[in-house]
Number of protein chains: 2
Amino acid sequence: MTKNDTDKRSRLIQAAVELVYRQGFQKTTLADIAQEADVPLGNVYYYFKTKDAICEAIVEQRLSQFEALREDWDKAASPKDRLCRFIQMTFNNRGELARGGCQFGSLCAELQKAGGPLAKKANRLFAKPFKWIEAQFRTLGKGDDSPGMALHLLSALQGVSLLANSFRKPNYVALETDHLNDWVRAL
Amino acid sequence: MTKNDTDKRSRLIQAAVELVYRQGFQKTTLADIAQEADVPLGNVYYYFKTKDAICEAIVEQRLSQFEALREDWDKAASPKDRLCRFIQMTFNNRGELARGGCQFGSLCAELQKAGGPLAKKANRLFAKPFKWIEAQFRTLGKGDDSPGMALHLLSALQGVSLLANSFRKPNYVALETDHLNDWVRAL
DNA sequence: GTCTATACCGAGATAGAC
DNA sequence: GTCTATCTCGGTATAGAC
C-alpha cells in the first residue's frame with residue numbers, strides 16, 4: 001500500500017463520513033463521494049468493492065472516533081468526572097447536533113432500517129458507549145442498576161439530539177445536559 | 001371522488017406508511033408500495049403526482065393518528081393522568097418499538113436528512129406532541145419550566161425507542177417508562 | 001378512472017487502456 | 001495504481017389505449 005493509496009482511501013472515507021452525516025447513506029451517491037474527495041468515480045472501486053463496503057468503513061471510522069474520545073474521558077480521575085466529561089462533550093457539540101443530529105445515532109438509526117449485515121455492524125456504535133457508561137456506574141457501586149442508569153443517560157442524550165435537530169435548537173441540548181450533570185453529580 | 005378512489009388511495013397510503021416504517025422512505029420504491037397495496041404501478045400516479053407527494057400523505061396520516069391518540073389521552077381527568085396515559089401507550093408499544101423504532105421519530109429523523117420541504121413538514125410530527133405535553137405541564141402549574149419538562153419527557157421516550165430498536169430489547173422501553181411514570185406521579 | 005407499456009435517467013458497477 | 005468510457009439495472013415518471 002503506497003502513500004497515495006492511503007491518502008485517497010482516507011480522503012474517500014472522510015468525504016463519505018461527512019456526506020452521509022449530512023444527507024444520509026441512501027441519499028448519498030458514489031459520485032457525490034468521489035467528487036467531494038476529488039477522486040475519479042471509477043477509481044473508487046479500487047478501494048471499495050461496493051457501496052456497502054464504504055458504509056462499513058464509515059462505521060469503522062466512527063468507532064475509532066469513539067475510541068479516541070473514550071481515551072480522553074478515561075483520563076478523568078473519578079467515574080463521575082468521566083461521565084461529566086462525556087456529557088460536557090455533548091453540550092459542546094450542541095451546534096452540530098442541532099444541525100444534523102448525533103453522528104453516531106443518526107447513522108445507527110438509518111442503518112437499522114437498511115437491514116442486512118450493515119444493521120448488525122451499526123449496533124456497535126451504541127453498544128460501545130453503552131458498555132463504557134455502564135462500567136462507570138458499576139465503578140460507582142451501582143451494581144445491577146448500572147444497565148438501567150446507562151440506558152437512562154444514553155437515551156436522554158440521543159433523544160434530545162433528535163429533538164434539537166428537528167427544531168434546530170442547540171439550546172435544547174443545553175437544557176438536558178444541565179439536568180444530567182446534576183443527576184450524575186448527586187449520585 | 002368515487003368510492004373506489006378513496007379505497008385505492010387509502011390502500012396506497014396505508015401500504016406506504018407500513019413499508020416506510022419498516023424500510024425507510026428512500027429505500028422504499030413506488031413499485032413496493034403499488035404491490036403491497038395491490039394497485040398497478042402506473043395507476044399510482046393518478047393518486048399521487050410524485051413520490052414526495054406520497055411522503056406528504058404519510059406525514060398527514062401520522063399526524064391524524066396522533067390526533068386520534070391525543071383525543072383519547074385527553075379523556076383522562078387530570079394532566080398527570082393524561083401524561084401517564086401517554087407514557088403507558090409507549091410502554092404498550094414496546095414490542096413494535098424494539099422492532100422498528102418510533103413511528104413518528106424514525107420518520108422525522110429520516111426526513112430531516114432528506115432536507116427540502118419534507119423536512120419542514122416532518123417537524124410537525126414532533127411539534128404537535130411537544131406542544132401537547134407542554135400544555136399538560138402548564139396546567140400542572142409548572143409555568144416556564146414546562147418546555148424543559150416536555151423536552152425531558154419526549155427526549156427520554158425518543159431516545160429509549162432508538163436504543164430499544166438498536167438492541168432489539170423491548171424491556172429497555174419498560175425500564176425508562178417506569179422511571180418516567182414515577183417522575184410524573186411525584187410532581 | 002384504470003392499466004399496460006415504455007420512456008428516461010440516475011446510480012452502482014465493470015472493462016480495459018494507460 | 002489510475003482513470004475514461006460504458007454497461008446495466010432499477011426506479012420515477014409519462015403516454016396513451018381502454
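Lettering follows sequence order; numbering is per chain, from 1. Because the structure is predicted, anything quoted here is derived from the model rather than measured.
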Worksheet item: Charged N to carboxylate O below 4.0 Å: is that the case for B:Glu67 and B:Lys128?
Response: yes
Response to the item:
A:Gln26 CD to D:dG10 C1', in whole Å, measures 14 Å
Worksheet item: Mapping B:Gly42 and A:Thr28 to their closest nucleotides on DNA chain C, which lands nearer the 5' end?
Response: B:Gly42
Worksheet item: Rounded to whole angstroms, how far apart are OH on A:Tyr45 and C1' on C:dA15?
Response: 14 Å
Response to the item:
Between CZ of B:Phe48 and P of D:dG11 the distance, given in whole Å, is 20 Å
Worksheet item: Roughly, in whole Å, what's the span from CG in B:Leu12 to P in C:dG1?
Response: 14 Å
Worksheet item: With a 4.5 Å heavy-atom cut-off, do A:Phe91 and A:Arg94 have their side chains touching?
Response: yes
Practice prompt. Grab the NZ-C1' distance between B:Lys51 and C:dC9 for me, whole Å please.
Written response: 15 Å
Practice prompt. Using atom CG of B:Asn43 as one end and atom C1' of D:dA15 as the other, report the distance to the nearest whole Å.
Written response: 14 Å
Discussion item. Without decimals, in angstroms, what is the distance between B:Leu41 CG and D:dA15 C1'?
Written reply: 14 Å
Worksheet item: Of the candidate nucleotides C:dA13, D:dT2, D:dA13, which contains the atom at the shortest distance from the side chain of B:Thr50?
Response: D:dA13
Worksheet item: Rounded to whole angstrom units, what separation is found between the NZ atom of A:Lys27 and the P atom of D:dG11?
Response: 17 Å
Worksheet, complete the sentence: So CG of A:Leu19 and CD of A:Gln35: to nearest 0.5 Å the spacing works out to 9.5 Å
Discussion item. Can you work out whether A:Thr29 or A:Lys49 has the more 5'-proximal nearest nucleotide on DNA chain C?
Written reply: A:Thr29
Worksheet item: Can we say A:Arg138 and A:Glu134 salt-bridge, meaning some charged N sits less than 4.0 Å from an Asp/Glu carboxylate O?
Response: yes
Worksheet item: Name the one of A:Val44, A:Val17, A:Thr28, A:Val20 that satisfies side-chain contact (heavy atoms from CB on, under 4.5 Å) with A:Ile54?
Response: A:Val44
Worksheet item: Within less than 4.0 Å of OP1 or OP2 of C:dT2, is there a side-chain N or O belonging to B:Tyr46?
Response: no
Discussion item. From the set C:dA13, D:dT4, D:dA13, return the single nucleotide nearest to any side-chain atom of A:Pro40.
Written reply: D:dT4
Discussion item. Measuring from atom CE of A:Met149 to atom CG of A:Leu154, what distance do you get when rounded to the nearest 0.5 angstrom?
Written reply: 14.0 Å
Item to complete: Taking only Lys NZ, Arg NE, NH1 and NH2, and the carboxylate oxygens of Asp or Glu, determine whether B:Lys51 and B:Glu56 approach each other closer than 4.0 Å.
Response: no
Discussion item. Using five base pairs at each end to define the local axes, how bent is the helix from C:dG1-D:dC18 to C:dC18-D:dG1, to the nearest 10°?
Written reply: 10°
